[in-house]
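Written out below as structure tokens is the structure these notes cover.
Quick note: residue numbers are just sequence positions, from 1. Computed over heavy atoms, backbone and side chain alike; hydrogens, waters and symmetry mates excluded.
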Amino acid sequence: MLLRLRLVLPDRPGSLSQVTQVLGASGADITQLTVLERGGGLAVDDITVFCPDGTPKETLAKGLSSVPGVRVDGVWATREAPGTYPELEILKYITTAGERALTTLIDSLPVLFSADWAAAAGAGTTVYASWRAPQDIVFPAETPPRPVAATLESGLHVIHAPLPPLALTLMLARGDGPAFHRIEVHRLTRILEIFLGLPATERSVARQLRK
């Protein structure tokens with residue numbers, strides 16, 4: 001079982017070693033660590049671990065919370081293979097996907113961001129959604145000028161992003177786990193900038209939407 005942990009911990013020597021001791025004692029194998037931010041004496045880290053099947057997430061979170069100064073913001077399942085560069089692989093596929101460029105992007109985003117689903121809509125109608133998306137997706141009433149993270153009244157964490165050249169809006173959603181971090185928003189922004197900047201993107205997507 002592959003899990004992602006988001007921890008806030010004191011930014012001082014020894015804090016991370018205490019965390020790794022707790023993870024080791026639970027049988028978790030650390031495969032990747034990403035520092036999301038540092039400042040004010042604290043660090044926010046995303047840690048990806050392999051855990052034995054059946055390891056309760058609540059037990060893992062309780063053990064980590066016992067470390068002095070550590071706060072657990074989330075423990076959730078992920079499908080992102082650690083130690084790889086998935087953005088590069090996905091962008092490579094998109095450049096050769098032709099009319100499937102948009103659907104390839106939407107299907108890939110939940111894996112890239114350890115999210116549940118992604119979808120795009122135009123004129124109030126969903127035009128494509130990844131396989132785990134709900135049947136009836138309600139997009140926020142207003143499209144933001146740039147990608148923004150929000151938590152809806154239902155508790156669903158989302159990044160809502162405009163796709164201006166395509167007259168579409170995109171939503172990436174995570175129900176289990178923490179709210180999207182500003183670094184994740186920036187990462188998605190850069191991916192969308194590259195996607196929308198590809199020479200054939202607008203034409204190929206327009207052809208797909210007309211079908």
Side-chain angles (χ1 to χ4, degrees), residues 2-24 26 28-51 57-58 60-91 105 108-118 140 144-162 170-195:
L2 194 62
L3 295 177
R4 179 71 49 81
L5 319 171
R6 180 161 298 168
L7 307 179
V8 180
L9 63 159
D11 189 12
R12 60 171 182 260
S15 292
L16 189 57
S17 66
Q18 291 178 286
V19 168
T20 59
Q21 287 175 12
V22 171
L23 292 174
S26 67
D29 181 20
I30 299 174
T31 61
Q32 183 170 287
L33 186 148
T34 302
V35 179
L36 296 177
E37 64 176 283
R38 298 175 68 180
L42 296 174
V44 181
D45 294 349
D46 270 5
I47 303 175
T48 304
V49 298
F50 276 114
C51 286
K57 292 187 289 185
E58 296 78 12
L60 200 58
K62 183 177 180 180
L64 291 168
S65 298
S66 69
V67 179
V70 170
R71 186 181 82 231
V72 180
D73 277 357
V75 180
W76 72 107
T78 180
R79 290 174 288 157
E80 182 182 344
T84 63
Y85 299 93
E87 288 97 332
L88 300 181
E89 293 296 321
I90 295 306
L91 290 171
L105 174 72
S108 303
L109 289 178
V111 178
L112 293 177
F113 288 85
S114 299
D116 294 334
W117 54 267
R146 64 185 64 84
V148 295
T151 299
L152 307 183
E153 290 185 4
S154 62
L156 186 70
H157 305 302
V158 302
I159 302 180
H160 191 201
L170 181 142
M171 190 157 67
L172 178 64
R174 176 191 290 155
D176 188 20
F180 287 97
H181 191 272
R182 59 182 177 84
I183 296 299
E184 293 178 294
V185 177
H186 176 72
R187 184 181 170 205
L188 178 61
T189 301
R190 297 297 294 151
I191 291 173
L192 294 180
E193 286 175 350
I194 296 171
F195 169 72

May I ask you to test the L105-L192 pair for a side-chain heavy-atom distance under 4.5 Å?
-> yes
Using a 4.5 Å cut-off on heavy atoms from C-beta on, say whether the side chain of E89 contacts that of S108.
-> no
Does a side-chain heavy-atom distance below 4.5 Å link D46 with I183?
-> no
If every non-hydrogen atom of P162 is compared with every non-hydrogen atom of P144, which pair is closest and at what distance?
-> CG-O, 3.2 Å
Between CG of L64 and CG of L23, what distance do you get to the nearest 0.5 Å?
-> 5.0 Å
Sidechain-backbone polar pair: T31 side chain, T48 backbone, donor-acceptor under 3.5 Å = yes
pair V19-L5: side-chain heavy atoms closer than 4.5 Å | no
Scanning both residues in full, the closest heavy-atom pair of R79 with A115 reads NH2-O, 3.9 Å
Spacing of S66 atom OG and Q18 atom CD [to the nearest 0.5 Å] | 9.0 Å
With sequence neighbours left out, the residues meeting side-chain hydrogen bond (donor to acceptor under 3.5 Å, both in side chains) with R187 are E87
Pairs involving residues 170-185, ordered by first then second residue, that meet side-chain hydrogen bond (donor to acceptor under 3.5 Å, both in side chains) (sequence neighbours left out) | R6-E184, E37-H181, K57-D176, R174-E184
Mind checking the CZ-CD spacing from R146 to E193? Nearest 0.5 Å is all I need.
-> 11.0 Å
Nearest heavy-atom pair of L3 and C51: which atoms, and what distance?
-> CD1-SG, 3.9 Å
Decide yes or no for T20 and I47: does some side-chain heavy atom of the first lie under 4.5 Å from some side-chain heavy atom of the second?
-> no
Tightest non-hydrogen contact, residues P110 and A118, listed as CG-N, 3.8 Å
Do F180 and L172 have side chains that get closer than 4.5 Å, going by heavy atoms?
-> yes
Which residues satisfy the side-chain contact (heavy atoms from CB on, under 4.5 Å) test with V185, sequence neighbours excluded?
-> P147, A149, I159, T189
Non-neighbouring partners of A179 that pass side-chain contact (heavy atoms from CB on, under 4.5 Å), sequence neighbours left out = T151, H157
The reported gap from CG in L112 to CG in L188 (rounded to nearest 0.5 angstrom) is 9.0 Å
Please tell me if the side chains of L16 and D45 come closer than 4.5 Å, counting only heavy atoms from C-beta onward.
-> yes
Residues in side-chain contact (heavy atoms from CB on, under 4.5 Å) contact with L152, at least two apart in sequence or another chain = S154, L156, V158
Can you sort out the partners of S26 under side-chain contact (heavy atoms from CB on, under 4.5 Å), two or more places apart, ordered by chain and number?
-> A28, L60
Between the main-chain N or O of G175 and the side-chain N or O of D116, is there a donor-acceptor pair closer than 3.5 Å?
-> yes
Work out which heavy atom in R38 is nearest to a heavy atom in A43; give both atom names and the distance.
-> CG-CB, 4.2 Å
Hey, are the side chains of D11 and L42 touching, using non-hydrogen atoms and a 4.5 Å cut-off?
-> no
